[in-house]
**Student:** 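Provided herewith is a single structure, encoded as structure tokens, for subsequent inquiry.
Within every chain, numbering begins at 1; the chains are lettered A, B, ... in the order of the sequence lines, protein sequences first and strands thereafter.
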Amino acid sequence: MIMRSPKTLHRFANPARFMRLSSRALPWCLVMSFAFLLAGLYLGLFVAPPDYQQGESARIMFVHVPAAWLALLIYGVMAVASATALVWRHPLADLIAKSCAPIGAAFTIVALVTGSLWGKPMWGTWWVWDARLTSVLILLFLYLGYMALWQALENRETASKAAAILAIIGVINLPIIKFSVDWWNTLHQPSSVVKLSGSTIHSSMLWPLLIMAAGFLMFFFVVLILKVQREIIASKVRANQYLSSTHSHESSPPADRDE
Amino acid sequence: MTRKNRRLIFLLAGFSALTIAAVLVLSAFEESLVFFYSPTDVIAQELRSDVPIRLGGLVEDGSVSRASDGLTTTFQVTDMREVISVTYTGLLPDLFREGQGVVVEGHLGTDGVFVANEVLAKHDETYMPPEVADALKKSGQWKGTVP
């Protein structure tokens, strides 16, 4: 045996324990999300200086950039959870992956729309088919395709497997999005914050950006916890219906299909 | 070998194959993934004049002139090696200025002048307050191309 799923994973894969822990974490995430978002918006809109070239229009980055980061991060979480569900059959990983998709899709749409609104006055166009913009649009379609697969397949097991495979295939797109601006010449500017040669964004603008990103991240946790809890309850309802329909006295519901 | 391990190996093998496929496809399509050509590319490849292409580079300092109709602008796009003259009739984006990066779409005429249908300004990755930009210019540490 070369790989054994870690014991800790099994501990957290227990839906009942997740319910308990996440309910305790939820109010904290909610408070931090609001605090960071309010502070970030205030700093970004009123304290941060205008850009030397773009003027006030640069402020849209305080929404655009964190939304784009989250869109990538959530896809990563969804793919890791999908792989865990596929290989180790963890019931919770499956629910986490499923819950990530609409949140990630929403962040992707926010990034695309805010980018477009910025692009018109700055670039002179709403949209171009350059490598960065196109690869982010593909990310949106991956999210939508993932959600469609869950909806389209009747059998829950089949839907979960098919969607997980799509999520894992789509991981290829993440490095393409990140490095598109370096590998090919694009209209979209290269990365300002995450780069080897150091950030090219002034600290007075970087701090509001990072605080906004923290707020977005906490908001993601809030929505994820709520959605996963809802999925757990739904799977319990399914299990109960299954039990009552078969009149069986088995103690383990079919939702816990671990090996 | 347990079923878990077999599934894991299948997953890793499949993903590796997919990565190799993606790298091959992307390197094969490298040409068409490029959003614009530099003036050097355009001159070296003698890109055909009846096909619309995108030309990208910096607007050369002191090259911008506006015609008397107030709408037609002529300027030169350079990549510091070759220079191509561009003429454009229409509204320019906010960031268009001398020294700024631009991407223009249109045809290269037989006279060597590029007739643009669309001018897009390209922004760089530097974000700073106006005072910092002024201070950098004053102290001579300005690395940008903007005047």
**Student:** Strictly distance-based, threshold 3.5 Å: is any side-chain N or O of A:Asp51 a donor or acceptor partner for the main-chain N or O of B:Tyr127?
**Tutor:**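 The answer is no, because no donor-acceptor pair under 3.5 Å joins these two groups.
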**Student:** Can you confirm whether A:Trp207 is buried at CH2, in the sense that more than 12 heavy atoms of other residues, nucleotides or ligands lie under 6.0 Å from that atom?
**Tutor:**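 No - once you tally the heavy atoms of other residues, nucleotides and ligands closer than 6.0 Å, there are 12 at most.
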**Student:** Would you check if the side chain of B:Lys122 reaches a backbone N or O of A:Thr186 as a donor-acceptor pair within less than 3.5 Å?
**Tutor:**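 It does hold such a pair.
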**Student:** Check A:Met122 against B:Pro93 and note the closest heavy-atom contact, atom names and distance.
**Tutor:**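 The pair with the smallest heavy-atom distance is O-CB, 3.7 Å.
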**Student:** Answer with side chain, backbone, both or neither: which region of A:Ile165 has an atom nearer than 4.5 Å to a non-hydrogen atom of chain B?
**Tutor:**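 Neither part; nothing is under 4.5 Å.
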**Student:** Against chain A, label B:Val119 side chain, backbone, both or neither, depending on which of its atoms sit under 4.5 Å from a heavy atom there.
**Tutor:**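 Backbone only.
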**Student:** Measure A:Leu206 against the heavy atoms of chain B and call it side chain, backbone, both or neither at under 4.5 Å.
**Tutor:**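 No part of it gets close to chain B.
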**Student:** Let me know if A:Met205 has heavy atoms under 4.5 Å from chain B in its side chain, its backbone, both or neither.
**Tutor:**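 Contact with chain B involves the side chain of A:Met205 alone.
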**Student:** Given the rule in the side-chain contact (heavy atoms from CB on, under 4.5 Å) test, do A:Arg89 and B:Lys4 qualify, once you have shown the distances and angles that lead to the verdict?
**Tutor:** CA-CA 9 Å; A:Arg89 300 279 197 266; B:Lys4 276 177 203 176; over 6 Å; no
**Student:** Would you say B:Leu24 has more than 12 foreign heavy atoms packed within less than 6.0 Å of its CG?
**Tutor:**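 Atom CG in B:Leu24 is packed in, count exceeds 12.
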**Student:** Can you check side-chain contact (heavy atoms from CB on, under 4.5 Å) on A:Trp88 and B:Leu8, steps first, answer last?
**Tutor:** CA-CA 8 Å; A:Trp88 289 290; B:Leu8 186 67; 4.3 Å; yes
**Student:** With a 4.5 angstrom heavy-atom cut-off, is it the side chain or the backbone of A:Thr125 that approaches chain B, or both, or neither?
**Tutor:**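 Both backbone and side chain of A:Thr125 come within 4.5 Å of chain B.
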**Student:** What residue pairs, at least two apart or across chains, pass salt bridge (charged side-chain N to carboxylate O under 4.0 Å, His left out) with a residue in residues 57-86 of chain A?
**Tutor:**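 Qualifying pairs: A:Glu56-A:Arg59.
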**Student:** Counting a contact as any heavy-atom pair under 4.5 Å apart, which residues of residues 11-19 of chain B contact chain A?
**Tutor:**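 B:Leu11, B:Phe15, B:Leu18, B:Thr19 fall under the 4.5 Å cut-off.
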**Student:** Kindly say whether B:Phe35 contributes a backbone atom to a donor-acceptor pair with the side chain of A:Asp130 at under 3.5 angstrom?
**Tutor:**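 No; judged by distance alone, with no hydrogens or angles, the pair does not exist.
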**Student:** Pick whichever of A:Trp184, A:Trp183, A:Trp129 has the most heavy-atom pairs under 4.5 Å with chain B.
**Tutor:**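 Going by pairs under 4.5 Å, I would pick A:Trp184.
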**Student:** Can you name the closest pair of heavy atoms from B:Ala121 and A:Leu187 and give their distance?
**Tutor:**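 For B:Ala121 versus A:Leu187, the nearest heavy atoms are O-CD1, 3.9 Å.
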**Student:** Look up atom OG in A:Ser192 and atom NE2 in B:His123, then write down how far apart they are to the nearest 0.5 Å.
**Tutor:**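 The NE2 atom of B:His123 is 8.0 Å from OG of A:Ser192, to the nearest 0.5 Å.
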